[in-house]
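Below, read A as the first sequence line, B as the second, and so on, with proteins coming before strands; counting in each chain starts at 1.
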Amino acid sequence: MNSRSWRGTILFTVILVTMGATVGLKLYGIGEQVSASDTSVHAATSAATAGTSGATSTPTPSASASASASPSPSATATPAQAAATKTVTGSAIDTRYGAVQVKLTFTGNTITAVDTVQAPNGNGRDQEINQQALPILQQEVLSSQSANIDTVSGATYTSEGYIQSVQSAIDKR
Amino acid sequence: MRFLETVMGIPMSIDVRDDADAAPAAERAFRVLHEADERFSAYRPESEVSRANAAGATGLEHSTDFREVVAIGDAASAASGGAFRIRRPDGTWDLDGVVKGWAAARAAQELASSGLRDYCLNAGGDVVVAGTPRDGRPWSVGIRSPHTPDEMLAVLAVTDAGVATSGAYERGSHIVDGRDGSVARSLISVTVVADDLTTADVLATAVFALGPSGVPWAIDAGARGVLAVDADDRMLGAGELAFAHPPSAE
């Protein structure tokens with residue numbers, strides 16, 4: 001069923017509209033580069049690789065784990081860790097687009113959510129892709145693709161479409 | 001305990017994990033959906049929508065439900081600068097963008113008011129999740145890939161929420177940008193997570209019509225999180241997005 005890999009892998013980019021994880025990274029003292037990346041292309045390319053492997057059979061999270069770059073401790077969660085959920089709210093930092101503040105949610109050591117507390121209004125935010133934040137989100141998205149699913153959200157299907165859908169398989173369980 | 005019925009021509013399912021006989025509650029939930037279909041289906045000449053459209057602007061007395069749906073649509077229309085719309089250029093009603101999510105949200109309320117706590121209702125891709133499927137974990141809601149029906153774009157970990165997705169990949173479906181009447185094409189998939197499905201569904205349609213600028217907009221308009229894919233297959237996200245993990249990482 002995976003004969004077709006993700007058509008758009010090459011541009012499989014998470015554009016973090018909030019630029020959020022900058023603050024998260026700062027919490028770890030990893031970096032402050034709010035400076036724009038030249039590298040949305042780079043990031044996209046690395047995601048493409050991960051995406052392909054994610055879409056085909058063995059999407060080990062550790063493999064994409066972090067994709068070379070991401071220096072975050074979250075990338076290598078140990079399964080043994082208790083899966084307690086906690087949130088950390090970063091302090092607001094000034095960027096050239098305005099103040100940014102995010103809240104990170106951790107389950108165990110893994111960032112499971114990035115939540116905007118405060119974000120600037122204005123243009124150009126999506127150009128502000130943090131090079132180091134991006135892989136974390138990409139990894140989250142890609143590794144989630146192989147999670148077990150309870151239900152499927154999608155555009156409304158016809159009865160015909162339903163027959164072929166994953167949801168119909170779930171409903172027959 | 002699973003229940004499946006076709007309503008509005010769409011297979012809809014209810015998955016209850018409570019240790020209780022959920023059949024009566026599920027039956028009431030499906031009845032809510034059937035009633036909404038009878039009132040709002042444009043394919044039924046006797047439906048309130050069809051009669052209202054036939055009567056034109058001279059107007060009929062509308063039911064409470066009808067006024068509620070129109071109010072939701074008008075609010076979304078105003079908030080989106082007209083990108084979301086419930087009236088066609090000729091003045092007739094097009095309430096489909098509101099009705100399914102609204103009806104499914106009400107059906108889910110029927111489950112809740114029956115005392116059920118752990119359930120998932122899926123109305124043709126519009127999802128309400130409550131409580132937990134097991135062990136207290138959140139529900140894993142797959143987002144269908146816009147390119148391949150049996151692949152997931154991502155899997156979200158959510159509960160006590162509505163999750164709705166708009167896309168143009170199903171045959172014959174399209175969303176019009178109400179501002180100029182053009183078919184919206186800048187995004188190919190938009191998923192919105194919100195506290196309730198009515199909000200999620202309306203915002204997913206509105207973001208689809210608005211294009212990429214709608215992604216952060218939806219957070220201000222009441223979404224918890226938005227995950228979208230643009231026409232160049234780039235993913236955009238805003239707000240809170242909790243992703244599920246593969247079994248090996250749990």
Side-chain angles (χ1 to χ4, degrees), chain A residues 1-2 4 6-18 44 55 59-62 77 79 83 103 105 107 110 112-116 119 125-126 137 140-162 164-171 173, chain B residues 2 4 6 9-11 13 15 100 120 122 124-127 129 133 139-145 147-157 163-171 173 189 191 212 215-216 219 232-250:
Chain A
M1 87 183 202
N2 282 314
R4 277 182 69 193
W6 175 263
R7 178 168 75 81
T9 43
I10 211 157
L11 285 168
F12 193 67
T13 304
V14 176
I15 294 179
L16 180 56
V17 176
T18 60
T60 56
S62 50
K103 182 178 77 183
T105 303
T107 303
T110 306
T112 50
V114 181
D115 198 7
T116 314
R125 276 187 287 165
D126 56 359
L137 279 166
E140 288 292 328
V141 170
L142 294 172
S143 77
S144 81
Q145 290 174 340
S146 56
N148 294 325
I149 51 180
D150 298 311
T151 194
V152 180
S153 176
T156 305
Y157 36 66
T158 58
S159 296
E160 261 173 66
Y162 174 77
Q164 305 168 32
S165 72
V166 174
Q167 183 62 38
S168 80
I170 291 172
D171 289 337
R173 270 180 202 165
Chain B
R2 289 170 194 277
L4 179 67
T6 297
I10 302 161
S13 60
D15 177 358
K100 187 158 70 83
C120 167
N122 190 320
D126 280 352
V127 174
V129 284
W139 291 84
S140 292
V141 180
I143 309 303
R144 203 208 100 156
S145 156
H147 301 300
T148 319
D150 58 5
E151 286 179 12
M152 297 301 134
L153 180 67
V155 181
L156 302 178
V163 183
T165 299
S166 284
Y169 44 77
E170 288 290 339
R171 190 164 34 146
S173 65
S189 177
T191 298
V215 174
I219 301 300
D232 294 323
D233 276 329
R234 286 179 303 193
M235 195 177 268
L236 303 103
E240 178 186 341
L241 292 166
F243 295 97
H245 296 126
S248 57
E250 275 178 359

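Of all the listed residues (B/A154, B/P11, B/G9, B/S166), the one sharing the greatest number of non-hydrogen pairs under 4.5 Å with chain A is B/P11. Of the listed residues A/I170, A/I149, A/T151, the one with more heavy-atom pairs under 4.5 angstrom with chain B than any other is A/T151.
Evaluation of the side-chain contact (heavy atoms from CB on, under 4.5 Å) rule for B/S13 yields A/Q167, A/D171, B/L4, B/N122 as partners, not counting sequence neighbours.
Neither the backbone nor the side chain of B/A157 comes within less than 4.5 Å of any heavy atom in chain A. Looking at B/V141, the atoms closer than 4.5 Å to chain A (heavy atoms on both sides) sit in the backbone and in the side chain alike.
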Evaluate the criterion side chain to side chain contact (heavy atoms under 4.5 Å, CB included) for residue pair B/S140 and B/V155; output intermediate values, then yes/no.
CA-CA 6 Å; B/S140 292; B/V155 181; 3.8 Å; yes
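Summarising the geometry, atom OG belonging to A/S146 is positioned 10.5 Å from atom NE2 belonging to B/H245; distances are rounded to the nearest 0.5 Å.
The two residues B/V127 and B/C120 have their closest heavy-atom pair at CG1-SG, 4.2 Å.
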